[in-house]
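Before any comments, here is the structure.
Since the model is a prediction, treat every value here as computed from it, not as a measurement. Quick note: numbers below take in every heavy atom, side chains included, and nothing from hydrogens, waters or symmetry partners.
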Amino acid sequence: MKKIISVLSCALALLVVSSCDWFKLDNQEGWDASVQGQILDAATNQPVQFDQSISSITVVEKGWKAEANQSWAVKSNGTYVNKLVFAGQYVMNTLSNNFIAEPQNFELKKGENTVDFKVTPFVRIENLQWAMDGKKIKVTCKLSSPVAAVNNIGEVRLCVAKDRFVGMNDNACDKDPNAIVSDVDPSGTTVTLYVDPDYTDAAGQKPNAQEFKYDQPHFVRIAAIGAHYTVVPAWTEEVEETVFDMEAYLAAGSPDDWWNYFITVVTVIEHPASYTNDGTVNSSKAYNYSPVYKVDLKAGTFTEVTDW
């Protein structure tokens with residue numbers, strides 16, 4: 001019994017001593033820095049525009065055994081703010097986005113910091129000219145690519161929505177064929193797009209009517225995707241199918257040898273030539289954007305949204 005009591009006493013003593021560590025406060029210092037800045041076109045020094053819902057840059061804090069990727073969210077107008085960071089050495093090495101960029105090293109000091117990143121967008125959208133053409137929202141703009149490997153701007157869209165987060169993920173007029181242009185020469189091409197509230201499709205439906213049902217402001221912007229596209233040549237496919245020739249069977253008086261009335265039908269399918277992104281450039285299929293504009297349909301005015 002004494003041995004048992006002695007062992008328990010030692011255990012309790014050890015517990016009392018070691019339990020002091022359980023109540024120590026975490027001595028790790030909290031975030032001591034904040035950073036803000038812009039993503040800029042290296043050639044024009046203009047902000048690179050983004051889709052608000054999915055855009056971020058990849059940043060790594062250097063000097064740690066395990067250097068993990070951090071995603072810093074980017075606003076639609078190419079600005080970012082991060083108030084929860086540590087002072088130290090960093091590198092911006094974005095893995096996928098709507099631009100290309102060399103890794104950029106930078107230092108954050110304690111307190112406030114401003115760091116801008118210079119990149120090359122896959123598509124530049126310039127010389128925007130917005131106008132009302134009757135009820136139609138019309139825009140003319142120039143598209144080009146500063147990336148040599150981009151051989152085609154596969155799609156350009158005029159996006160329309162009731163809120164300023166308009167883009168490919170928030171586009172109420174994506175059924176209007178007048179609001180899209182495909183296969184654009186990246187060396188510099190001017191295109192005109194428009195959205196017609198009264199557009200009527202082949203089925204007699206008006207897909208834009210719901211967006212313009214009420215008298216309220218709308219928001220618009222241009223989206224364009226540039227990549228390296230390979231041409232898939234046109235080809236013809238012959239599809240064989242075994243079917244029962246009911247017409248011939250009935251015409252013969254429905255004979256007992258019905259199995260003799262199965263025939264082989266050959267259907268010829270024509271596949272037109274198409275462009276396919278081969279993934280060597282812009283593998284994430286990210287779109288470049290114009291700034292967002294607020295439209296007053298009554299006044300016929302377009303005002304760039306800047307309060308992000």
Side-chain angles (χ1 to χ4, degrees), residues 47-55 74-78 98 122-143 152-185 189-227 229 272 274-275 277 284-308:
V48 176
Q49 307 285 326
F50 295 87
D51 191 320
Q52 178 74 31
S53 61
I54 58 174
S55 296
V74 180
K75 299 179 183 181
S76 289
N77 66 341
N98 60 1
F122 290 125
V123 179
R124 287 197 184 111
I125 305 170
E126 301 173 300
N127 302 340
L128 283 95
Q129 299 176 37
W130 296 96
M132 295 299 300
D133 183 2
K135 290 184 178 181
K136 300 175 184 177
I137 297 175
K138 181 180 178 181
V139 63
T140 299
C141 60
K142 179 183 178 182
L143 299 119
N152 186 277
I153 300 174
E155 180 180 272
V156 185
R157 281 186 180 270
L158 167 53
C159 303
V160 182
K162 295 185 181 73
D163 61 70
R164 62 180 182 165
F165 301 112
V166 58
M168 290 300 294
N169 293 303
D170 184 11
N171 180 15
C173 298
D174 59 348
K175 300 295 190 298
D176 192 334
N178 303 299
I180 179 173
V181 175
S182 303
D183 192 16
V184 175
D185 185 348
T189 303
T190 298
V191 301
T192 298
L193 305 167
Y194 64 86
V195 164
D196 183 357
D198 295 327
Y199 162 67
T200 304
D201 62 20
Q205 302 297 314
K206 293 186 175 182
N208 297 337
Q210 185 63 32
E211 173 66 18
F212 297 96
K213 184 177 181 179
Y214 302 104
D215 182 17
Q216 65 184 82
H218 297 268
F219 295 83
V220 294
R221 76 190 313 194
I222 301 299
I225 180 171
Y229 288 83
S274 62
Y275 284 89
N277 181 0
S284 61
K285 300 180 181 178
Y287 282 77
N288 287 99
Y289 288 92
S290 74
V292 175
Y293 291 83
K294 183 178 180 180
V295 188
D296 185 326
L297 296 178
K298 282 188 174 181
T301 58
F302 295 79
T303 306
E304 184 178 346
V305 177
T306 57
D307 57 338
W308 296 102

Listed partners of [X] passing side-chain contact (heavy atoms from CB on, under 4.5 Å), at least two apart:
| X | answer |
| --- | --- |
| Q210 | K213 |
| T189 | V184, D185, V191 |
| A202 | none |

Q: Just jot down the salt bridge (Lys or Arg N to Asp or Glu O under 4.0 Å) partners of R221, sequence neighbours excluded, or say none.
A: none
Q | Set of residues satisfying salt bridge (Lys or Arg N to Asp or Glu O under 4.0 Å) with respect to K298, sequence neighbours excluded | A |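 Salt bridge (Lys or Arg N to Asp or Glu O under 4.0 Å) list for K298, sorted by chain: D215.
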Q.
Holding to side-chain hydrogen bond (donor to acceptor under 3.5 Å, both in side chains), I want the full list of residues that pass it with S290, two or more places apart in sequence or in another chain.
A.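 Here no residue qualifies.
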Q: Return the set of residues passing side-chain hydrogen bond (donor to acceptor under 3.5 Å, both in side chains) with D51 (not counting sequence neighbours), or none when no residue passes.
A: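 With sequence neighbours excluded, D51 shows a side-chain hydrogen bond (donor to acceptor under 3.5 Å, both in side chains) to S53, N169, Y289, given in chain and number order.
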Considering only distance and modelled atom types, tabulate donor-acceptor pairs under 3.5 Å from the side chains of residues 172-183, sequence neighbours left out.
residue	atom	partner	partner atom	Å
D176	OD1	N178	N	3.0
D176	OD1	N178	ND2	3.0
D176	OD2	D196	N	3.2
D176	OD2	N208	ND2	2.9
N178	OD1	Y194	OH	3.4
D183	OD1	N152	ND2	2.4
D183	OD1	Y275	OH	3.4

Anything under 3.5 Å between a donor and an acceptor, one on a side chain of residues 301-308, the other on a protein residue two or more places apart or in another chain? List them.
residue	atom	partner	partner atom	Å
D307	OD1	R164	NH1	3.4
W308	NE1	V305	O	3.1

Enumerate, atom names and distances included, each donor-acceptor pair closer than 3.5 Å involving a side-chain atom of residues 133-143, sequence neighbours excluded.
residue	atom	partner	partner atom	Å
K135	NZ	D198	OD2	3.4
T140	OG1	T192	OG1	3.1

Q | Residues that Y293 engages under ring pair (Phe, Tyr, Trp, His ring centres under 6.0 Å), provided they are two or more places apart | A |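 Scan of Y293 (ring pair (Phe, Tyr, Trp, His ring centres under 6.0 Å), adjacent residues dropped) gives W130.
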**Q.** Of all pairs that satisfy ring pair (Phe, Tyr, Trp, His ring centres under 6.0 Å), the ones with a partner from residues 196-216, not counting sequence neighbours
**A.** F212-H218
